[in-house]
> 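Dropping a structure here in structure tokens format, bear with me for questions.
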Protein chains: 2
Amino acid sequence: MKSAHIPRATIQRLAVYVQALEILLQDGENVISSDGLARACGVNPSQIRKDLAYFGEFGVRGVGYYVQDLLAAIKQSLGIDRTWNAALVGVGNLGRALLRHGVFRRRGFILVGAFDCDPFKIGEEIAGLEVVCSRRLKERARELNIEIGIITTPPERAQRAANYLVEAGIRGIVNFASARIAVPDNISVEYVDFMHHFFSVAFNISLNQARNSI
Amino acid sequence: MKSAHIPRATIQRLAVYVQALEILLQDGENVISSDGLARACGVNPSQIRKDLAYFGEFGVRGVGYYVQDLLAAIKQSLGIDRTWNAALVGVGNLGRALLRHGVFRRRGFILVGAFDCDPFKIGEEIAGLEVVCSRRLKERARELNIEIGIITTPPERAQRAANYLVEAGIRGIVNFASARIAVPDNISVEYVDFMHHFFSVAFNISLNQARNSI
DNA sequence: GAGTGTGAAACTATTCACAGCA
DNA sequence: TGCTGTGAATAGTTTCACACTC
């Protein structure tokens with residue numbers, strides 16, 4: 001297939017496949033069928049085959065997929081067969097936790113800078129990084145080769161953080177602040193808002209309750 | 001309309017509308033059109049009208065929606081016109097950050113318990129809560145009237161945390177661990193995996209790069 | 001035989017377009 | 001006139017079913 005436009009949902013699922021495949025690899029599994037992988041990921045097997053078909057033909061008919069090869073192929077397709085340098089703006093509770101969270105490095109996203117505009121935080125050291133004034137982002141971005149920005153400011157400061165990042169020449173933003181930000185459209189923005197998940201759960205519980213009380 | 005089955009995407013958007021409406025309310029706006037709200041939320045205006053139609057008729061033709069009334073109506077529809085007690089299992093970096101994160105309380109989700117199985121963490125106090133042994137979840141859940149569980153353990157301990165929560169009689173789980181968990185199907189589970197967003201950004205940057213180099 | 005790759009079918013979600021009401 | 005509420009049209013996604021290959 002090797003199509004032009006890839007559904008957003010597909011690339012989200014590819015990330016799930018990566019995690020499942022890494023576990024399989026750890027467990028010493030060499031081969032996995034779309035059925036097996038589907039079970040591990042909680043999706044439909046043909047969904048997996050369709051998703052992979054966007055990027056090429058990775059399987060062997062009658063056999064399945066070689067775990068290591070498929071993992072490498074997906075990682076390459078997603079652009080995570082390399083490392084990415086990221087800078088975090090907004091050293092609050094959440095920012096600190098993310099700086100200390102090992103999963104980023106483990107998955108190839110290296111936090112190389114921590115920025116905040118609060119003078120009390122500037123100079124503080126977190127997870128081996130010195131907190132630097134946000135105004136110096138542009139100057140530091142070049143030295144540090146930063147490509148991705150992470151916003152963990154309060155919502156009202158998210159746009160300013162975004163401006164600093166854009167000015168610094170980053171190419172993509174992961175925004176944890178619950179505020180929409182405006183950026184040039186060659187910059188990719190992802191919104192992480194985990195309150196949505198809490199609302200979903202609250203809604204589902206209410207729904208179940210209503211259903212049971214009939 | 002008042003339909004039976006509401007798309008998952010709709011209820012996600014409703015959460016976005018809530019945030020936008022709260023800002024409008026703060027700003028003293030009394031009335032908003034689907035067009036105006038759409039612009040604020042970055043969606044299509046008829047999308048908003050469709051979404052709202054699942055729950056009832058809240059607007060006034062020729063006028064728009066009364067901000068306060070609409071907000072109340074959506075909150076009631078989502079089941080967030082009340083507070084929910086939640087317990088967090090897994091007091092690592094992320095767990096600590098969430099316990100300290102004011103947004104939960106502000107949005108009506110009250111963290112009433114923190115649990116961990118690490119004896120070094122038990123007894124520690126975080127954001128006014130004493131960390132309690134996970135094994136005591138069931139016993140505490142009743143006293144504290146816990147309805148929602150938050151899992152912030154490492155992936156390999158997520159299932160155990162889920163088991164404790166289910167046993168304790170909670171009705172929904174928000175799982176921050178990057179591991180699938182199995183629970184009875186009357187329990188609502190939401191997965192929060194922000195690595196997906198990083199993969200998406202990496203993919204999009206790679207894609208733009210490829211496009212520009214043609 | 002077993003399991004991929006893929007058209008076609010089914011389903012779901014979004015957008016359009018306009019009737020109907022304040 | 002202006003904006004909602006909604007059927008119809010469109011677009012997008014998932015699942016099925018089976019030809020094809022190892």
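Since this is a predicted model, take the numbers as computed values, not measurements. Every chain is numbered from 1 and lettered A, B, ... according to where its sequence line falls, protein lines coming before strand lines.
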> How long is the line joining CZ of B:Phe55 and P of D:dT6, in whole Å?
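That distance rounds to 14 Å.
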> Applying side-chain hydrogen bond (donor to acceptor under 3.5 Å, both in side chains) as the test, list every pair that has at least one member in residues 83-95 of chain A; sequence neighbours left out.
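Those involving residues 83-95 of chain A do not exist here.
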> Mind listing the side-chain donor-acceptor pairs of residues 69-80 of chain B below 3.5 Å, one per line with the distance, residues two or more places apart or on another chain?
residue	atom	partner	partner atom	Å
B:Lys75	NZ	B:Glu22	OE2	3.0
B:Ser77	OG	B:Ala73	O	2.8

> Start with the C-alpha gap between B:Phe198 and A:Phe104, add the side-chain angles, then the distance that decides, and say whether ring pair (Phe, Tyr, Trp, His ring centres under 6.0 Å) holds.
CA-CA 9 Å; B:Phe198 284 82; A:Phe104 291 105; 4.9 Å; yes
> Provide the full list of ring pair (Phe, Tyr, Trp, His ring centres under 6.0 Å) pairs with a residue in residues 8-53 of chain B, sequence neighbours left out, each pair given once.
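For residues 8-53 of chain B, and leaving out neighbouring residues, there are no ring pair (Phe, Tyr, Trp, His ring centres under 6.0 Å) pairs at all.
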> Give every donor-acceptor pair under 3.5 Å between a side-chain atom in residues 144-153 of chain A and any protein atom, sequence neighbours left out.
residue	atom	partner	partner atom	Å
A:Glu147	OE1	A:Arg82	NH2	2.9
A:Glu147	OE2	A:Arg82	NH2	3.3
A:Thr152	OG1	A:Val89	O	3.2
A:Thr152	OG1	A:Gly90	O	2.5
A:Thr153	OG1	A:Ala158	N	3.4

> Would you compute the distance between atom OH of B:Tyr164 and atom NZ of B:Lys138 and round it to the nearest 0.5 angstrom?
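These two atoms lie 12.0 Å from each other.
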> Find the bend of the helix from C:dG1-D:dC22 to C:dA22-D:dT1 as the angle between its two terminal axes (five pairs each), to the nearest 10°.
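It works out to 10° between the end axes.
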> Which atom pairs, one a donor and one an acceptor, fall under 3.5 Å between side chains of residues 172-184 of chain B and the rest of the protein, sequence neighbours left out?
residue	atom	partner	partner atom	Å
B:Asn175	OD1	B:Ala177	N	2.9
B:Asn175	ND2	B:Ala179	O	2.9
B:Arg180	NE	A:Cys41	O	3.4

> For DNA chain D, which residues of residues 188-198 of chain B approach it to below 4.0 angstrom with any heavy atom?
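DNA chain D contact set from residues 188-198 of chain B: none.
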> Could you walk me through whether A:Asn163 and A:Glu167 pass the side chain to side chain donor-acceptor pair (under 3.5 Å) test, one step at a time?
CA-CA 6 Å; A:Asn163 296 345; A:Glu167 221 182 291; over 6 Å; no
> Does D:dG2 have OP1 or OP2 sitting under 4.0 Å from an N or O in the side chain of B:Tyr65?
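Checking B:Tyr65 against D:dG2: no side-chain N or O falls below 4.0 Å of OP1 or OP2.
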> Name all residues meeting the salt bridge (charged side-chain N to carboxylate O under 4.0 Å, His left out) criterion together with B:Arg61; count only those two or more places apart in sequence or in a different chain, and write none if there are none.
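Per chain and number, B:Arg61 pairs via salt bridge (charged side-chain N to carboxylate O under 4.0 Å, His left out) with no residue.
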> What does the list of N/O pairs under 3.5 Å between the protein and nucleotides 18-21 of chain D look like, with a distance for each?
residue	atom	partner	partner atom	Å
D:dC20	O2	A:Arg61	NH1	3.1

> Check the interface with nucleotides 11-14 of chain D: list each N/O to N/O pair with the protein under 3.5 Å, or write none.
residue	atom	partner	partner atom	Å
D:dT14	OP1	A:Arg13	NH1	2.9
D:dT14	OP2	A:Arg13	NH1	3.4
D:dT14	OP2	A:Arg13	NH2	2.8
D:dT14	OP2	A:Gln47	NE2	3.4
D:dT14	O5'	A:Gln47	OE1	3.3

> Can you see which heavy atom on B:His5 is nearest to which on B:Tyr54, and at what distance?
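Looking at all heavy atoms of both residues, the closest pair is O-CE2, 4.1 Å.
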> Round to a whole Å and report the spacing from CD of B:Glu57 to C1' of C:dA19.
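From B:Glu57 CD to C:dA19 C1': 14 Å.
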> If I compare all heavy atoms of B:Lys121 with all of B:Val131, which pair ends up nearest, and what's the gap?
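So the two residues come closest at O-CB, 3.4 Å.
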> Assign each of A:Ser46 and B:Ser46 to its nearest nucleotide of DNA chain D by heavy atoms, then name whichever residue's nucleotide is nearer the 5' end.
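Nearest nucleotide further toward 5': that of B:Ser46.
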> Any idea which heavy atoms bring A:Ala15 and B:Phe199 closest together, and the distance?
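Closest heavy-atom pair between A:Ala15 and B:Phe199: CB-CD1, 3.1 Å.
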> In this structure, how many angstroms lie between the C1' atom of D:dC3 and the CD1 atom of B:Ile48, rounded?
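One finds 13 Å between C1' of D:dC3 and CD1 of B:Ile48, rounded.
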> Listing request: all side-chain hydrogen bond (donor to acceptor under 3.5 Å, both in side chains) pairs with a residue in residues 23-34 of chain B, at least two apart in sequence or in separate chains.
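Residue pairs passing side-chain hydrogen bond (donor to acceptor under 3.5 Å, both in side chains), neighbours aside: B:Ser34-B:Arg49.
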> So among B:Leu37, B:Ile23, B:Leu21, which one has a side chain to side chain contact (heavy atoms under 4.5 Å, CB included) with B:Val67?
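It is B:Leu21, the one option of B:Leu37, B:Ile23, B:Leu21 that forms the side chain to side chain contact (heavy atoms under 4.5 Å, CB included) with B:Val67.
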> Is a side-chain N or O of A:Asn204 found less than 3.5 angstrom from the main chain of B:Ser188, in a donor-acceptor match?
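It does not hold such a pair.
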> So which of residues 16-40 of chain B are in contact with DNA chain D, with a heavy-atom cut-off of under 4.0 Å?
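Residues of residues 16-40 of chain B under 4.0 Å from DNA chain D: B:Ser33, B:Ser34.
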